[in-house]
K.L.:
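Take this structure, written in structure tokens, and hold onto it; I'll ask about it next.
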Number of protein chains: 2
Amino acid sequence: MATLVERLRSRARRLTGPRQAILALLRRQSHPLTVREIHAALADSRCDLATIYRSIGMLQEMDLVKRFDFGDGVARFELVGACGHEHHHHLVCNECGKIVEIEECFPETLETEIARRNGFKGVTHRLEFFGTCPDCQ
Amino acid sequence: MATLVERLRSRARRLTGPRQAILALLRRQSHPLTVREIHAALADSRCDLATIYRSIGMLQEMDLVKRFDFGDGVARFELVGACGHEHHHHLVCNECGKIVEIEECFPETLETEIARRNGFKGVTHRLEFFGTCPDCQ
DNA sequence: CTTGATGCAAAGGGTTTGCAGCATT
DNA sequence: AATGCTGCAAACCCTTTGCATCAAG
């Protein structure tokens, strides 16, 4: 949290009420949240949707928050680097939307090879799994 | 094409001008197209956007077309099973949007293990790579 | 002729932006 | 006091839907 304030200050950004609320919420969340979910969870904070979009955007630029897309047209966001939340992927239930965190990752040597063969630099990947969860089978 | 007509007929669907045009366009495309790109390419066919959305939706239900999401909020579509286009992934340039088809896939044994460990059935994955292409470096 | 498909326009849902007032620094 | 931030409302973009008309079968 201390380094966070510094990071904000170094960019001439202010640590405001809404931003603290959003960060505090994301910190205690283990799954990615949509902007609407954040808004609902912050109902008592009376925080505007636009403010959440702007804050999330700023946090993304600062690499404090990562965006995930599950193909339903709604962006989801997770805090980066909190409680062991490094690079990871998800397993999503097609029926109920349940989300499970997955540690397995695409083989690094294979990714390096793909980048090399095509002459691309700084290659990363988005990877999500979909299926039917035990409760929905 | 013959089997396609049968597939359509079996569902009491009609093979209309717009549908033929969309399929013909997708057949000669090696990269996924957005609805807007399809619309632009079919400018002379005077095909409405709504019609393209409806046709694409139907083709998806029939598993003739597959949808891809590159995280920019726009859906992209590719014909399935045409010209060797089986299950595959993409490498997308973050700068210019160039798309390269990738054959490498997530290891099946690992996916099976993920499904088993979490009790999920019918697990599939979405996987796309992002980086900077040679021209944009 | 019957029923599905199209075009047009309007509505929907997520996200972005302009602007005046407000609050952090 | 200065400037970044907020709320509100309007605008945007992609996508979906209602409805009267048209055309494939």
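In what follows, chains are A, B, ... by sequence order, proteins preceding strands, each numbered from 1. All values below were derived from every heavy atom in this structure, side-chain atoms included, with hydrogens, water molecules and symmetry-related copies excluded.
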K.L.:
Let me know the distance between CG of B:L23 and P of C:dA5, rounded to the nearest Å.
P.N.:
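That distance rounds to 13 Å.
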K.L.:
If a pair satisfies ring pair (Phe, Tyr, Trp, His ring centres under 6.0 Å) and one of its residues is in residues 97-120 of chain A, list it, with sequence neighbours excluded.
P.N.:
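For residues 97-120 of chain A: A:F106-B:F129.
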K.L.:
Could you state the atom-to-atom distance from CD of A:E61 to P of D:dC5 in whole Å?
P.N.:
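Computing the A:E61:CD to D:dC5:P distance gives 11 Å.
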K.L.:
Would you please name every residue forming a side-chain hydrogen bond (donor to acceptor under 3.5 Å, both in side chains) with B:N94, sequence neighbours left out?
P.N.:
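side-chain hydrogen bond (donor to acceptor under 3.5 Å, both in side chains) list for B:N94, sorted by chain: empty.
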K.L.:
For B:E37 and D:dC13, what is the distance between atoms CD and C1' respectively, to the nearest whole Å?
P.N.:
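Nearest whole value for this atom pair: 15 Å.
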K.L.:
Once salt bridge (charged side-chain N to carboxylate O under 4.0 Å, His left out) is applied, do any residues pair with B:D72, and if so which ones, sequence neighbours excluded?
P.N.:
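Once residues adjacent in sequence are excluded, the partners of B:D72 under the salt bridge (charged side-chain N to carboxylate O under 4.0 Å, His left out) criterion are B:R76.
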K.L.:
Taking side-chain hydrogen bond (donor to acceptor under 3.5 Å, both in side chains) as the cut-off, I'd like each qualifying pair that reaches into residues 119-137 of chain B, sequence neighbours left out, listed once.
P.N.:
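Listed by first then second residue: B:D69-B:R126, B:H87-B:H125, B:H89-B:H125, B:H90-B:E128, B:K98-B:D135, B:E111-B:H125.
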K.L.:
Just how far, in rounded Å, is C1' of D:dT15 from CZ of B:R76?
P.N.:
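Nearest whole value for this atom pair: 15 Å.
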K.L.:
What residues, two or more places apart in sequence or in another chain, satisfy side-chain hydrogen bond (donor to acceptor under 3.5 Å, both in side chains) together with B:R54?
P.N.:
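Per chain and number, B:R54 pairs via side-chain hydrogen bond (donor to acceptor under 3.5 Å, both in side chains) with no residue.
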K.L.:
For the helix from C:dC1-D:dG25 to C:dT25-D:dA1, what is the angle between the axes at its two ends, each from 5 pairs, rounded to 10°?
P.N.:
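Rounded to the nearest 10 degrees, the bend comes out at 30°.
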K.L.:
Check B:E104 with A:R117, please: is the shortest side-chain N to carboxylate O separation under 4.0 Å?
P.N.:
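Counted as a salt bridge, because a side-chain N and a carboxylate O are separated by less than 4.0 Å.
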K.L.:
Quick one: list whatever passes salt bridge (charged side-chain N to carboxylate O under 4.0 Å, His left out) with A:R19, sequence neighbours left out.
P.N.:
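Salt bridge (charged side-chain N to carboxylate O under 4.0 Å, His left out) list for A:R19, sorted by chain: empty.
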K.L.:
What pairs with B:A21 under side chain to side chain contact (heavy atoms under 4.5 Å, CB included), at least two apart in sequence or on another chain?
P.N.:
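B:L42, B:S45.
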K.L.:
Could you give the CG-to-C1' distance, from B:L8 to C:dA5, as a whole number of Å?
P.N.:
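Roughly 12 Å, once rounded to whole Å.
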K.L.:
Which protein N or O atoms sit under 3.5 Å from an N or O of nucleotides 23-25 of chain D?
P.N.:
{"residue": "D:dA24", "atom": "N3", "partner": "B:R14", "partner atom": "NH1", "Å": "3.4"}

K.L.:
For A:R116, give me all partners under side-chain hydrogen bond (donor to acceptor under 3.5 Å, both in side chains), at least two apart in sequence or on another chain.
P.N.:
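Per chain and number, A:R116 pairs via side-chain hydrogen bond (donor to acceptor under 3.5 Å, both in side chains) with A:E113.
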K.L.:
Going by side-chain heavy atoms closer than 4.5 Å, which hydrophobic residues are tied to A:V74, directly or by a chain of links?
P.N.:
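Under the 4.5 Å side-chain rule, A:V74 groups with nothing.
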K.L.:
Of the residues in residues 39-60 of chain B, which ones touch DNA chain D at a heavy-atom distance under 4.0 Å?
P.N.:
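Within this stretch, B:A50, B:Y53, B:R54 sit under 4.0 Å of the strand.
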K.L.:
Name the residue closer to the 5' end of DNA chain D, choosing between A:P18 and B:V74 according to the nucleotide with the nearest heavy atom.
P.N.:
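Its nucleotide being nearer the 5' end, the pick is A:P18.
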K.L.:
Kindly compute the distance separating CZ (A:F77) from CD1 (A:I38), expressed to the nearest 0.5 Å.
P.N.:
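It comes to 7.0 Å.
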K.L.:
Whole angstrom is fine here: how far is it from CD in A:Q20 over to C1' in C:dA23?
P.N.:
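Interatomic distance, CD of A:Q20 to C1' of C:dA23: 13 Å.
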K.L.:
Given atom CZ of B:R19 and atom P of C:dG4, what is their separation to the nearest angstrom?
P.N.:
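Taking atom P of C:dG4 as the reference, CZ of B:R19 is at 11 Å.
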